[in-house]
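In this chain, residues are counted from 1 in sequence order.
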Amino acid sequence: MRSLQTGSDPGPFTIGCTTVYCFVAQSTAVLPDISVFGPYTYLVTELLWGTVALALVAYAGVYREAARTVAVLYPFALVWDWYTLEVGVFEIPLRTGVELLGIPIEEHIFMLVVPAMVVGTHETLKIVLED
């Protein structure tokens, strides 16, 4: 990775910025263009990764644990997401435009998928590594 001073154009592969530096990926790998789904792009990716999370949860048989983790983290994620969207930390251009409580529906799905993915991955690794 190379770093650029804030204010300079980091280019299309920006990974993250602080008040001083922006970090830019040096990869020349061609990524698939999933924007063909138009306003459904974010929804499609969330459903794809949600399916992976559900498969991991199912494999490990940890439905209750995943549901409990989602239930505990969801309120925090909801407030955090609402705040970052309100202050303009990020925008989501390829989304359906459907909102619930002022937050894109895709973000609500994201808040379900991520904790389930973490629990499913953790528990699946425990099973696989014990064998």
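- Considering only heavy atoms from C-beta on, Met111 comes within 4.5 Å of Leu78 through its side chain.
- When all heavy atoms of Gly120 and Thr124 are compared, the closest pair comes out as O-OG1, 2.7 Å.
- Smallest separation of non-hydrogen atoms from Leu100 and His108: O-NE2, 2.8 Å.
- Under the 4.5 Å side-chain contact rule for hydrophobic residues, Val36 and Trp49 share a cluster.
- For Glu106 (side chain) and Thr96 (main-chain N/O), a donor-acceptor pair under 3.5 Å exists by modelled atom type.
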Checking side chain to side chain contact (heavy atoms under 4.5 Å, CB included) for the pair Leu94/Phe37: CA distance, chi angles, key distance, verdict? CA-CA 8 Å; Leu94 297 175; Phe37 296 110; over 6 Å; no
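- Put simply, the side chain of Val44 does not reach to within 4.5 Å of the side chain of Ile34, judged on heavy atoms.
- By the side chain to side chain donor-acceptor pair (under 3.5 Å) test, Glu99 is found to be paired with Arg95, residues two or more places apart in sequence or in another chain being considered.
- Connection of Trp80 to Val87 is not established within any shared hydrophobic cluster, with ILVMFWY side chains joined at heavy-atom distances below 4.5 Å, either directly or through further cluster members.
- With hydrophobic clusters built from ILVMFWY side chains whose heavy atoms lie under 4.5 angstrom apart, Val79 does not share a cluster with Leu85.
- Taking both residues in full, the closest heavy atoms of Ala60 and Ile127 are given as CA-CD1, 3.5 Å, listed atom of the first, atom of the second, then distance.
- Nearest heavy atom pair, residue Ala66 against residue Val57, reads CB-CG2, 3.9 Å.
- One hydrophobic cluster, built from ILVMFWY side chains closer than 4.5 Å, cannot hold both Val113 and Ile105; they sit in different ones.
- Atom CD1 of residue Ile92 and atom CG of residue Leu43 lie 12.0 Å apart, to the nearest 0.5 angstrom.
- Looking at every heavy atom in both residues, Leu112 comes nearest to Pro115 through O-CD, 3.6 Å.
- Tracing side-chain contacts under 4.5 Å through hydrophobic residues (I, L, V, M, F, W, Y), one never reaches Tyr59 starting from Val118; they form parts of separate clusters.
- Closest of all the heavy-atom pairs between Asp81 and Glu107 is OD1-OE1, 2.5 Å.
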